[in-house]
There are 2 protein chains.
Amino acid sequence: MSNFSTIDHRAGMFKALSNPHRLALFSRLMSCCAPGTRCNAEKEVRFCVGELGDGLDIAPSTLSHHLKELNRAGLVNMERRGKNIECWVEPSVLDSLAAFFRQI
Amino acid sequence: MSNFSTIDHRAGMFKALSNPHRLALFSRLMSCCAPGTRCNAEKEVRFCVGELGDGLDIAPSTLSHHLKELNRAGLVNMERRGKNIECWVEPSVLDSLAAFFRQI
DNA sequence: ACTAAAGTTCGACATATTTCGAATTGTAGT
DNA sequence: ACTACAATTCGAAATATGTCGAACTTTAGT
């Protein structure tokens, strides 16, 4: 835990985003607002696992695996709600990633 | 017109950044400027391939492979200058990546 | 032309990733 | 209790990746 460097942690995030299916899932969760606007915490977009996979043409087990990877990387939160499991992205995660690339 | 979607293109960038060695290389270059210019007044930063690998403890062939991956993903530019090959990151690449995550 | 330095390419090998189907778990409604 | 639905776990197979050393290329200096 203490020997888990910042570089490794961030590389883990990028690895989670390096698969086109996972990036599509993440993009879907990310794009809760129109460009130029910001989601407030209340307006966080939540999809259940099944909805997220719509149109991706992958098996449920594969979808589950990918979401788990996104979750393990700290990019996506998951929480059971009844029969479904809800997924969402914390705005702070996006802030942190944007800040990594922001220059000057 | 191309069958190379935006998602796939961006996933390719994140894949290039998903390896800790490559992310370390990119991070080093991120603070650099275009060739022939200076990052800041204090330290002149000119990274040839060999310098980039300093402290990473990987074979030259592995280093070369990683830089090639970063270049293929469109993240790093490379240009021969005498015996060395100079590497740098275009600011627009950082802008594009930051914009992807920035929701404000 | 010869040599050394800086990188690249190639071939090989070990490890990791992606994906699926089958079986399983958890939840809600009948 | 039974059934249907949502999602996960497991095991296996094909493919991709990371790494190295050896051989090669390109350039600068002698």
Side-chain angles (χ1 to χ4, degrees), chain A residues 4-5 7-29 45-88, chain B residues 4-5 7-29 32 35 45-88:
Chain A
F4 191 59
S5 79
I7 281 278
D8 286 342
H9 181 241
R10 226 174 258 290
M13 289 185 163
F14 293 135
K15 174 173 283 180
L17 298 175
S18 74
N19 176 278
H21 284 151
R22 282 197 300 266
L23 184 57
L25 295 167
F26 185 77
S27 295
R28 202 156 189 182
L29 286 171
V45 164
R46 295 190 177 205
F47 284 100
C48 67
V49 173
E51 287 169 338
L52 274 172
D54 278 354
L56 250 51
D57 198 35
I58 51 177
S61 54
T62 304
L63 175 61
S64 181
H65 165 71
H66 283 323
L67 257 343
K68 190 177 170 185
E69 289 296 304
L70 287 166
N71 178 251
R72 286 206 309 164
L75 294 170
V76 166
N77 293 74
M78 303 176 79
E79 190 177 83
R80 175 143 233 146
R81 190 181 181 104
K83 258 194 302 194
N84 301 319
I85 293 186
E86 285 185 347
C87 307
W88 74 98
Chain B
F4 191 58
S5 78
I7 281 279
D8 286 342
H9 181 240
R10 226 174 259 289
M13 289 184 162
F14 293 134
K15 173 172 285 181
L17 297 176
S18 74
N19 176 276
H21 284 152
R22 283 198 297 268
L23 185 57
L25 295 169
F26 185 76
S27 294
R28 247 184 199 183
L29 286 171
C32 196
V45 193
R46 295 174 60 198
F47 288 109
C48 65
V49 172
E51 287 170 339
L52 274 172
D54 278 355
L56 250 54
D57 198 35
I58 52 178
S61 55
T62 304
L63 174 61
S64 181
H65 165 70
H66 283 322
L67 256 343
K68 189 176 170 185
E69 289 296 303
L70 288 165
N71 178 251
R72 288 206 310 166
L75 294 171
V76 166
N77 293 74
M78 303 175 80
E79 191 176 82
R80 175 143 233 145
R81 189 179 183 116
K83 258 195 303 193
N84 300 318
I85 292 185
E86 215 174 63
C87 306
W88 74 97

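A, B, ... follow the sequence lines: proteins, then strands. Residue 1 opens every chain. Note: hydrogens, waters and symmetry copies are ignored here, and every other heavy atom, side chains too, is used. Values in this document were obtained by computation on a predicted structure and should not be read as measured data.
Side-chain atoms of A/Leu25 and A/Leu63, non-hydrogen and from C-beta on, do get closer than 4.5 Å to each other. Considering only heavy atoms from C-beta on, A/Val49 comes within 4.5 Å of A/Met78 through its side chain.
Per the geometry, CG belonging to A/Leu70 stands 11 Å off P belonging to C/dT18, to the nearest Å. Whole-Å rounding puts the A/Leu25 CG to C/dT19 C1' distance at 14 Å. When the P atom of C/dA16 is taken as reference, atom CD of A/Glu69 falls 13 Å away, rounded to whole Å. Distance A/Lys15 NZ to D/dG18 C1': 10 Å, rounded to the nearest Å. Rounded to an integer number of Å, the gap from B/Leu17 CG to D/dT17 C1' is 16 Å. In this structure, CG of A/Leu52 is placed 15 Å from C1' of D/dT8, rounded to the nearest angstrom. Atom CZ in B/Phe47 sits roughly 16 Å away from atom P in C/dA6 (whole-Å rounding). Look at CD on A/Glu79: it is 16 Å from C1' on C/dG26, rounded to the nearest Å.
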Give me the distances for all protein-to-nucleotides 7-10 of chain C N/O pairs that come in under 3.5 Å?
from	atom 1	to	atom 2	distance (Å)
C/dG7	OP1	B/Val49	N	3.1
C/dG7	OP2	B/Gly50	N	2.8
C/dT8	OP2	B/Ser64	OG	2.6
C/dT8	O5'	B/Ser64	OG	3.1

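Nearest heavy atoms, A/His9 versus A/Ala73: NE2-O, 4.5 Å. Shortest non-hydrogen contact noted between B/Ile7 and A/Pro20 is CG2-O, 3.7 Å.
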- Go through A/Arg46 and A/Glu79 one step at a time and tell me if the salt bridge (Lys or Arg N to Asp or Glu O under 4.0 Å) criterion holds. CA-CA 10 Å; A/Arg46 295 190 177 205; A/Glu79 190 177 83; 3.7 Å; yes
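Counting heavy-atom neighbours within 6.0 Å of B/Asp54 CG, excluding the residue itself, gives a total above 12.
Contact between the side-chain N/O atoms of B/His66 and the OP1/OP2 oxygens of D/dT19 is found at a separation under 4.0 Å. For C/dT17, neither phosphate oxygen OP1 nor OP2 lies less than 4.0 angstrom from any side-chain nitrogen or oxygen of A/Arg22.
Of the residues listed (B/Glu69, B/His65, B/His66), the one engaging B/Arg22 in a side chain to side chain donor-acceptor pair (under 3.5 Å) is B/His66, and it is the only one.
Among the heavy atoms of the strands, none lies under 4.0 Å from A/Arg81.
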